[in-house]
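Input: a single structure, listed below in structure tokens.
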Amino acid sequence: QVQLVESGGGLVQAGVSLRLSCAASGRTFSNYAMAWFRQAPGKEREFVAAIRRSGTSTYYSTYYADSVKGRFTISRDNAKNTVYLQMNSLKPEDTAVYYCAAGGGRYFAGDYDYWGQGTQVTVSS
């Protein structure tokens with residue numbers, strides 16, 4: 001069982017940066033693929049970024065939605081059981097509730113078993 005708690009959301013102006021954090025419980029955090037999804041009002045939940053172990057190595061691969069590539073960076077600190085989403089050059093269209101997820105997937109929400117409660121990010125123009 002994994003519990004996820006997001007933090008770091010808020011109301012910001014377009015162009016600034018924000019960093020989201022997701023603290024996870026559990027001793028096997030390093031084995032999980034971790035991801036961020038977001039859901040804007042009236043829209044379906046969409047993939048933002050993921051980070052997962054590459055095979056049996058200690059190397060982690062990262063994956064991004066085209067809409068955030070080059071602006072957002074996902075990272076993790078296994079010693080702190082925490083995954084981060086650094087969001088730069090924020091745009092009004094990034095406004096959404098951001099969810100942290102843990103599981104074994106990459107791009108699809110159905111591949112993730114555990115979800116946080118979400119944190120609101122609002123970007124004003």
For Ser17 and Gln86, the nearest pair of non-hydrogen atoms, with its separation, is CB-NE2, 3.7 Å
Is the backbone N or O of Ser124 less than 3.5 Å from a side-chain atom of Gln13, with the two atoms forming a donor-acceptor pair by type? no
Residues Gly104 and Arg52: closest non-hydrogen pair is O-NH1, 3.2 Å
>> I'd like to know if Val123 and Val16 are part of one continuous hydrophobic network [Ile/Leu/Val/Met/Phe/Trp/Tyr, side-chain heavy atoms within less than 4.5 Å].
In response: yes
Check: Just wondering, more than 12 heavy atoms not from Gln3 lying within 6.0 Å of its CD?
Finding: no
Note, Tyr32 side chain near Leu4 side chain (heavy atom, < 4.5 Å) = no
_Pair Lys91 + Asp94: basic N to acidic O under 4.0 Å_ = no
Scanning both residues in full, the closest heavy-atom pair of Leu85 with Trp36 reads CB-NE1, 3.5 Å
Smallest heavy-atom separation, Val2 atom then Ser25 atom, equals CG1-O, 3.6 Å
Exactly one of Asn88, Leu90, Thr62, Leu20 clears side chain to side chain contact (heavy atoms under 4.5 Å, CB included) with Phe72, and that residue is Leu90
For Phe47, the other hydrophobic cluster members (4.5 Å side-chain criterion, sorted by chain and number) are Phe37, Tyr63, Val97, Tyr99, Tyr107, Phe108, Tyr112, Trp115
Problem set entry | Flag, side chain of Tyr60 to backbone of Ser75, donor-acceptor distance under 3.5 Å | no
If Ile, Leu, Val, Met, Phe, Trp and Tyr residues are connected whenever their side-chain heavy atoms lie under 4.5 Å apart, and connections chain through other members, are Val68 and Tyr98 in the same group?
-> yes
